[in-house]
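Here's the structure, in structure tokens; my notes come after.
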Number of protein chains: 2
Amino acid sequence: MDTAWDPYLLACPCRDVLDLVANKWTALMIGKLAQRPHRFGELRREVAGITPKVLTQNLRSLERDGLISRKVYPTTPPSVEYALTPLGESISGYLIALNNWTAANFNEIKRSRAAYDAAQQTAPQPVG
Amino acid sequence: MDTAWDPYLLACPCRDVLDLVANKWTALMIGKLAQRPHRFGELRREVAGITPKVLTQNLRSLERDGLISRKVYPTTPPSVEYALTPLGESISGYLIALNNWTAANFNEIKRSRAAYDAAQQTAPQPVG
DNA sequence: CTGTATCCCGCCTGATACTG
DNA sequence: CAGTATCAGGCGGGATACAG
């Protein structure tokens, strides 16, 4: 790298990159592409719930940032293949780890939320 | 854990947790708290650019999810200390890695964006 | 198959001001 | 010091329909 940036600085441009992760779909998309290259329709099916518009948006954004590559095959019907670039691969591990952490710890979080909400129900009753 | 969830399933409740990361400030806040417990004002200063309202919102959300603890000291003036819970510590490493990756790779991403945008300027000109 | 075009909405975010 | 109240705005995101 050329220079180092501190994301805790207000004007740090790498805040933009953190926003890349601050996205509902990025981690899932990168996770899928880390397994193997995928076509548009495959991603659309495997990343359940994403709409084609949003998929396209995020694909373009990641392509612009150099995390994924887009290759068009002029077949009929046309096919487009998306794959991770080396840069994309360098971050995929962290994102996959996040996905896994999420899956592994959701139940504990669910319990925590329930306990928190229950405490809110009883405690803050000025009129009692 | 009790049961395993697949974040790629549409109805997977752990999507909510992924949204936790899909947040502009979470990674920065967790990163700071991973260093040591912080008071409200400290976080406010050190996470540059965050407003008190948004800081409170995210603090509450993380507390509800069980990632951080909130301890009030009835002093005058009052002081409140936020710290990571064991659950919060278990995810902090991944988030810090993301912060570091961001700082280390921003320049490459910046170059990629510039190249992408330049290509858009020249290529898609039907009228030319 | 691979996207685009609209319309719409809710949430996150931000700025500012105020309180115990 | 540690928040809360309020107002406003923008962008991501969702539903639906359409095109090359």
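Reminder, nothing fancy here: chain letters follow the sequence lines and each chain counts from 1. Remember, it's a predicted structure, so these values are computed and weren't measured experimentally.
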Within less than 4.0 Å of OP1 or OP2 of D:dA2, is there a side-chain N or O belonging to B:R60? no
Ignoring backbone atoms, establish whether B:R70 has a side-chain N or O less than 4.0 Å from OP1 or OP2 of D:dG3. yes
How long is the line joining [atom1] of [X] and [atom2] of [N], in whole Å?
X	N	atom1	atom2	result
B:E46	D:dA2	CD	P	12 Å
B:M29	C:dC12	CE	P	13 Å
B:L59	D:dC1	CG	P	16 Å
B:L55	C:dT13	CG	C1'	13 Å
A:E81	C:dC1	CD	P	16 Å
A:E42	C:dC1	CD	C1'	12 Å
B:R39	D:dG3	CZ	C1'	13 Å

If you find the nucleotide of DNA chain D closest to B:R45 and the one closest to B:T56, which residue's nucleotide is nearer the 5' end? B:R45
Spatial distance of atom [atom1] ([X]) from atom [atom2] ([Y]) [nearest 0.5 Å]:
X	Y	atom1	atom2	result
B:E46	B:R39	CD	CZ	12.5 Å
B:L43	B:H38	CG	NE2	5.5 Å
B:I30	B:I91	CD1	CD1	7.0 Å
B:K24	A:N23	NZ	CG	13.5 Å

Measuring only between side-chain heavy atoms, which start at C-beta, is B:T102 closer than 4.5 Å to A:L20? no
Beyond-backbone contact of A:T56 with A:R60, side-chain heavy atoms, under 4.5 angstrom: yes
N/O to N/O distances under 3.5 Å, protein versus nucleotides 13-20 of chain D:
| residue | atom | partner | partner atom | Å |
| --- | --- | --- | --- | --- |
| D:dG13 | OP1 | A:K24 | N | 3.0 |
| D:dG13 | O6 | A:K53 | NZ | 3.4 |
| D:dG14 | OP1 | A:K24 | NZ | 3.0 |
| D:dG14 | OP2 | A:W25 | NE1 | 3.3 |
| D:dG14 | N7 | A:K53 | NZ | 3.3 |
| D:dG14 | O6 | A:K53 | NZ | 2.2 |

The single option from A:L62, A:L84, A:L67, A:L28 that satisfies side-chain contact (heavy atoms from CB on, under 4.5 Å) with A:L33 is A:L84
Under 4.0 Å between any heavy atoms, over every strand shown, what does A:Y73 touch: base, sugar-phosphate, or nothing? Just pick one. nothing
